[in-house]
Amino acid sequence: KNHRQYGDIPAVDGRLPIVGNIFDLSKTHIVLTDWYRKYGSVFRFNLFGEEVVVLSSYESVFEALVTRGSDFAGRPHMSRTDYEGRNRNSIVWQSYTPKLQFLRKQIHSSLRMYGSGLGRLQHRCGFELEQLLDRIESQPDLTFDPWSLLYDSACNIMLDLTIGTRFPYEGEDLSQLKKINGLFNHSFGPGVSRILDRFPFLNCIRDEFKSLKTAVDMRNSFWADHIGNLQRPSTQDECVIQSLRDLAAKSSNSHFDISEATLKETFTNLILAGTDTTTTAITCLLLVLLHKPEIQDRMYQELDHVVGRSRAPSLSDRSSMPYTEACLFETLRLISHVPLAVPHATICDTTVLGKRIPKDTTVYINLWSLHHDPEVWHDPWEFDPGRFLDADGHLLPPHHECRRRLLVFGAGRRVCLGESLAKNRLFLFTTALLQRYDFRPASSLPDLDPRKFSLGIVLHPGHFNIKAIKRTNVDTTISGCGS
Ligand code: HEM
């Protein structure tokens with residue numbers, strides 16, 4: 001049957017009954033990239049009896065996500081996302097339904113990452129960065145685990161945007177959210193946990209399912225304790241959950257069924273997708289700077305020249321700081337820390353590069369192979385911001401081949417909802433930290449090679465400690481950024 005339906009698409013050899021192709025699922029992105037070299041840009045493998053199609057070249061990914069956008073905009077059916085109706089309520093796991101399109105549009109407009117909304121973001125980041133810098137000052141010997149501190153700051157910004165509140169660093173609330181994040185990441189990576197979707201009867205013995213259940217229970221308690229009845233005064237800035245509540249109350253929207261479960265799932269998606277990804281990207285940039293102090297020096301030079309020491313960096317500096325922007329792009333390319341995006345599914349019979357793909361097929365978008373293809377990226381495992389700069393040191397324009405091929409946020413109908421937010425926050429956090437500190441390793445460092453990072457939904461380099469040394473002559477009255 002598979003051969004009849006998928007006959008156009010090369011199949012990976014060596015499949016066994018029931019389990020399909022056996023490989024190291026904790027390295028799915030690396031194995032799929034090896035297969036790309038052998039089987040080409042569109043191939044299929046069998047995972048516990050299900051045919052999964054993998055798209056690995058820019059041409060195939062662009063055609064699927066952009067040219068045939070809606071055909072590939074679904075999400076596969078997974079028993080893990082059925083749990084507690086998440087597939088009907090979540091942004092990330094819902095298929096391409098009218099409700100999903102409505103939610104995406106509303107969230108996009110509440111986040112307001114344009115015009116005056118950017119001023120609002122800058123103000124929020126400014127406040128949180130002031131707190132972060134104070135917190136760094138209070139660490140013994142200015143030594144700290146960057147991921148952990150950055151996580152709290154990035155999470156507070158997401159909480160503010162989503163529910164209009166933040167939590168103190170000292171309390172239990174932020175560590176609760178960190179735990180929930182870890183549990184979801186463990187249960188939703190593209191690796192071994194996929195077995196649960198095919199063989200749900202294993203749920204009672206697999207610890208990934210236990211993690212999922214605990215994560216959902218903890219999230220529900222967190223919601224009940226902090227958010228369920230949270231009422232915001234109308235004078236404060238708009239936040240996503242409140243504006244969805246307002247829309248849900250309108251009878252014209254009743255058919256979208258924006259229930260409490262939808263609000264809970266939306267909250268979870270935004271907090272988790274919006275915190276871990278950004279925190280890990282900044283942590284990895286710091287890791288780059290520790291491994292390559294010469295890059296840190298060049299970033300200082302640009303920062304000192306454009307911003308100086310007497311005012312905080314602001315979003316309007318972005319266009320005058322091409323080297324910093326190039327370093328951010330290059331970090332995102334090198335680490336490609338959402339290596340297989342989120343699994344897509346076809347919502348109708350369709351084709352890619354002339355090969356037929358039936359409706360309801362799970363499709364993996366291999367962003368990892370896209371960003372490390374040696375034919376496109378010379379020396380792909382080297383950190384080289386120069387890839388994104390022209391001979392005069394200007395940032396390459398967005399339509400340049402290199403920029404177009406950088407798809408770390410995906411593309412098309414399911415493109416990341418936080419792309420603009422993430423890029424702005426990366427800039428503000430990085431420049432605020434570098435304006436104040438010189439960073440040195442304070443423990444043995446993880447390898448900079450992202451092939452050694454561990455895979456969940458997001459790749460992680462592993463924890464390390466960093467020592468911040470105050471840059472001389474920095475005016476210590478500078479607060480946060482742009483506030
Ligand atoms: C460096 C930071 C980030 C990276 C690399 C990243 C990357 C991605 C990728 C690759 C996807 C999957 C796209 C696909 O399915 O094809 C995604 C989806 C998503 N991201 Fe991000 N993301 C980042 C930050 C954020 C932030 C700050 C938010 C907060 C608003 C966010 C919210 C989401 C949501 C809600 C989705 C699901 C969209 C959907 O299914 O329709 N992300 N992201």
Side-chain angles (χ1 to χ4, degrees), residues 29 55 61-62 64-66 69-70 72-76 81 86-87 89-97 99-113 117 121 124-125 150-151 153-162 181 188 190 239-241 265-285 328-345 362-368 370-371 406-430 450 457-459:
H29 55 307
L55 307 181
V61 168
F62 188 85
L65 298 189
V66 182
S70 52
F72 287 84
R75 294 291 187 216
T81 57
R86 305 187 69 219
N87 57 355
N89 292 302
S90 141
I91 309 289
V92 178
W93 302 114
Q94 193 171 164
S95 205
Y96 197 57
T97 61
K99 173 171 171 174
L100 185 269
Q101 293 169 53
F102 175 79
L103 288 170
R104 277 190 61 105
K105 192 166 152 229
Q106 299 310 331
I107 292 168
H108 195 262
S109 105
S110 303
L111 288 174
R112 281 207 286 133
M113 287 301 128
L121 175 71
R124 285 178 152 138
C125 288
L150 288 164
Y151 187 96
S153 308
C155 191
N156 260 336
I157 295 170
M158 286 317 301
L159 285 162
D160 193 14
L161 288 166
T162 312
N181 187 142
F188 269 90
C239 66
V240 173
I241 294 298
E265 281 301 321
T266 303
F267 165 76
T268 315
N269 291 159
L270 294 180
I271 299 298
L272 302 192
T275 304
D276 197 356
T277 46
T278 303
T279 306
T280 303
I282 306 171
T283 305
C284 288
L285 176 61
L328 294 174
F329 285 154
E330 178 64 348
T331 303
L332 293 172
R333 179 203 69 81
L334 178 68
I335 63 172
S336 289
H337 59 316
V338 194
L340 299 173
V342 178
H344 283 244
T362 299
V363 178
Y364 283 5
I365 305 294
N366 191 348
L367 298 176
W368 181 263
L370 221 66
H371 297 142
L406 186 70
L407 292 181
V408 288
F409 297 96
R413 309 286 166 116
R414 300 307 290 255
V415 68
C416 171
L417 261 176
E419 174 168 2
S420 173
L421 168 60
K423 286 177 175 164
N424 286 323
R425 263 196 317 179
L426 286 176
F427 178 83
L428 290 174
F429 269 68
T430 307
I457 294 179
V458 173
L459 283 173

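Counting convention: from 1, in listed order, for ligands and their atoms alike. Positions are given from 1, in the same order as the sequence printed here.
Scanning the protein for heavy atoms near atom 13 (C) of ligand 1, the closest one is Arg414 O, 3.3 Å. The single protein non-hydrogen atom nearest to atom 20 (N) of ligand 1 is Cys416 SG, 3.2 Å, given as residue, atom name and distance. Nearest protein heavy-atom neighbour of atom 32 (C) of ligand 1: Ala273 CB, 3.6 Å. In this structure, the protein non-hydrogen atom closest to atom 7 (C) of ligand 1 is Val408 O, 3.5 Å. Nearest non-hydrogen protein atom to atom 40 (O) of ligand 1 is Arg75 NH2, 2.7 Å. Protein heavy atom nearest atom 6 (C) of ligand 1, with residue, atom name and distance: Phe409 CD2, 3.7 Å.
Contacts between Val92 and ligand 1 below 4.0 angstrom, taking non-hydrogen atoms only, involve backbone and side chain alike. Proximity of Gln94 to ligand 1, defined as any heavy-atom pair under 4.0 Å, is not found for any part of the residue.
Partner of Arg333 under the side chain to side chain contact (heavy atoms under 4.5 Å, CB included) criterion, chosen from Leu367, Leu328, Leu406: Leu406. Of the options Thr331, Thr277, Leu332, a side chain to side chain contact (heavy atoms under 4.5 Å, CB included) to Leu426 is made by Leu332 and by none of the others.
The backbone N or O of Leu334 lies less than 3.5 Å from no partner atom in the side chain of His371, so there is not a single donor-acceptor pair. For Asn269 (side chain) and Val92 (main-chain N/O), a donor-acceptor pair under 3.5 Å exists by modelled atom type. Of the possible donor and acceptor atoms, one in the side chain of Asn424 sits under 3.5 Å from a partner among the backbone N and O of Ser420.
Ligand 1 lies less than 4.0 angstrom from a heavy atom belonging to Leu270. Distances shorter than 4.0 angstrom do not occur between any heavy atom of Lys423 and any atom of ligand 1.
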Item to check | Test log, rule side chain to side chain contact (heavy atoms under 4.5 Å, CB included), inputs Leu55 and His344 | outcome: CA-CA 11 Å; Leu55 307 181; His344 283 244; over 6 Å; no

Checklist entry - What's the verdict on side chain to side chain contact (heavy atoms under 4.5 Å, CB included) for Ile157 and Cys125, showing C-alpha distance, side-chain angles and the deciding distance? => result CA-CA 7 Å; Ile157 295 170; Cys125 288; 3.7 Å; yes

Checklist entry - Should Ser95 and Asn87 be marked as a side chain to side chain contact (heavy atoms under 4.5 Å, CB included) after you check the CA-CA gap, both sets of side-chain angles, and the distance that decides it? => result CA-CA 7 Å; Ser95 205; Asn87 57 355; over 6 Å; no

Checklist entry - Under the side chain to side chain contact (heavy atoms under 4.5 Å, CB included) criterion, do Leu270 and Leu161 qualify, and how do the steps go? => result CA-CA 9 Å; Leu270 294 180; Leu161 288 166; over 6 Å; no

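The Ile91 neighbourhood of ligand 1 comprises atoms 39 (C), 40 (O), with distances under 4.0 Å to a heavy atom of that residue. For ligand 1 and Arg425, the ligand atoms under 4.0 Å from any heavy atom of the residue are 27 (C). For ligand 1, the atoms closer than 4.0 angstrom to any heavy atom of Arg104 are 38 (C), 39 (C), 41 (O). The atoms of ligand 1 that sit less than 4.0 Å from any heavy atom of His337 are 1 (C), 5 (C). Near His344, meaning under 4.0 Å from one of its heavy atoms, ligand 1 places the atoms 14 (C), 15 (O), 16 (O). Distances below 4.0 Å separate heavy atoms of Gly274 from the following atoms of ligand 1: 26 (C), 27 (C), 28 (C), 29 (C). Residue contact check: Met158 has heavy atoms under 4.0 Å from atoms 29 (C) of ligand 1. Remark: ligand 1 atoms within the under-4.0 Å shell around heavy atoms of Ala422 are 2 (C), 24 (C).
Heavy atoms only, all atoms of each residue included: Leu417 and Arg104 are closest at CD2-O, 3.9 Å. When every heavy atom of Ala154 is checked against every heavy atom of Phe429, the shortest pair comes out as N-CZ, 4.4 Å.
For the pair Leu459 and Ser336, the minimum side-chain heavy-atom distance is 4.5 Å or more. Here the side chains of Val342 and Arg75 are in contact, with some heavy-atom distance below 4.5 Å.
Residue-to-ligand polar distances keep Arg413 apart from ligand 1: every N/O pair is separated by 3.5 Å or more. Considering backbone and side-chain N/O atoms, Thr277 never comes within less than 3.5 Å of an N/O atom of ligand 1.
If you check each of Thr275, Thr279, Val342 against atom 12 (C) of ligand 1, the one with the closest non-hydrogen atom is Val342.
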